[in-house]
Structure formats: C-alpha cells, structure tokens
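Worksheet: one structure, shown below.
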Amino acid sequence: MVHDAAAISYLPELVDRSLLQQGNARIGGVFAVAGATGNHLGAALAALTGPARALTGDALSYLVSIWCTTRIPFSYGSTGGYSSPIFQTS
C-alpha cells in the first residue's frame with residue numbers, strides 16, 4: 001500500500017505533463033496485473049520450492065526493487081522540482 005501511494009505521487013516528477021495520463025494508466029495496469037497474479041505466483045513458488053525458499057525469493061525481489069528504484073535518474077532543477085528523462089517529449 002505504501003509503495004502504491006509513493007509510485008502514484010512520484011509519477012508527476014518522472015513524466016512530462018503531457019504524458020501524465022498515459023503514465024497513470026500504465027501504473028494502474030501494472031498494479032492490476034500484480035494484484036491478480038501475485039498471490040497465485042507466490043503460492044506456486046511456495047509449493048514448488050518450499051516456504052523458506054519462497055520467502056527468500058520474496059526478500060530478493062525487494063532487493064531488486066530497491067536496486068531498480070535507485071537507478072531512476074533525477075536532478076533538482078531550476079524550476080523548483082525534480083526532473084527526469086523518463087517519458088519526456090522531445
């Protein structure tokens with residue numbers, strides 16, 4: 001829940017204003033797919049590898065998420081906000 005709120009609130013800093021609606025739609029789609037498939041994939045992983053290894057895999061997925069988040073380029077611009085090259089128009 002915290003990640004969802006953070007992703008939605010940070011999106012305007014990542015995308016150009018003209019692409020904000022498209023970015024919100026993509027985030028909504030990703031959240032919907034994750035919500036529909038996450039529990040089933042987790043259960044399948046636990047059944048195939050055992051609960052301890054499934055929990056280890058879950059912890060590793062958070063580390064991958066942290067790594068990906070730190071790879072988002074940003075800088076504090078003169079406009080008073082952060083800027084990023086993601087989804088910006090030419």
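Residues satisfying the side chain to side chain contact (heavy atoms under 4.5 Å, CB included) test with L48, not counting sequence neighbours, are none. Remark: T49 pairs with L45, R53, A54 by the side chain to side chain contact (heavy atoms under 4.5 Å, CB included) rule, at least two apart or across chains.
One hydrophobic cluster, built from ILVMFWY side chains closer than 4.5 Å, holds both I27 and L20. Taking hydrophobic clusters as Ile, Leu, Val, Met, Phe, Trp and Tyr residues chained together by side-chain heavy-atom distances below 4.5 Å, F31 shares a cluster with L11.
Between S61 and the choices L63, D58, V64, the side chain to side chain contact (heavy atoms under 4.5 Å, CB included) rule is met once, by D58.
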Side-chain polar contacts of residues 33-43 - donor-acceptor pairs under 3.5 angstrom, sequence neighbours left out - could you list them?
| residue | atom | partner | partner atom | Å |
| --- | --- | --- | --- | --- |
| T37 | OG1 | V33 | O | 2.7 |

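Between the CD1 atom of I66 and the CZ atom of R71 there is a distance of 14.5 Å, given to the nearest 0.5 Å.
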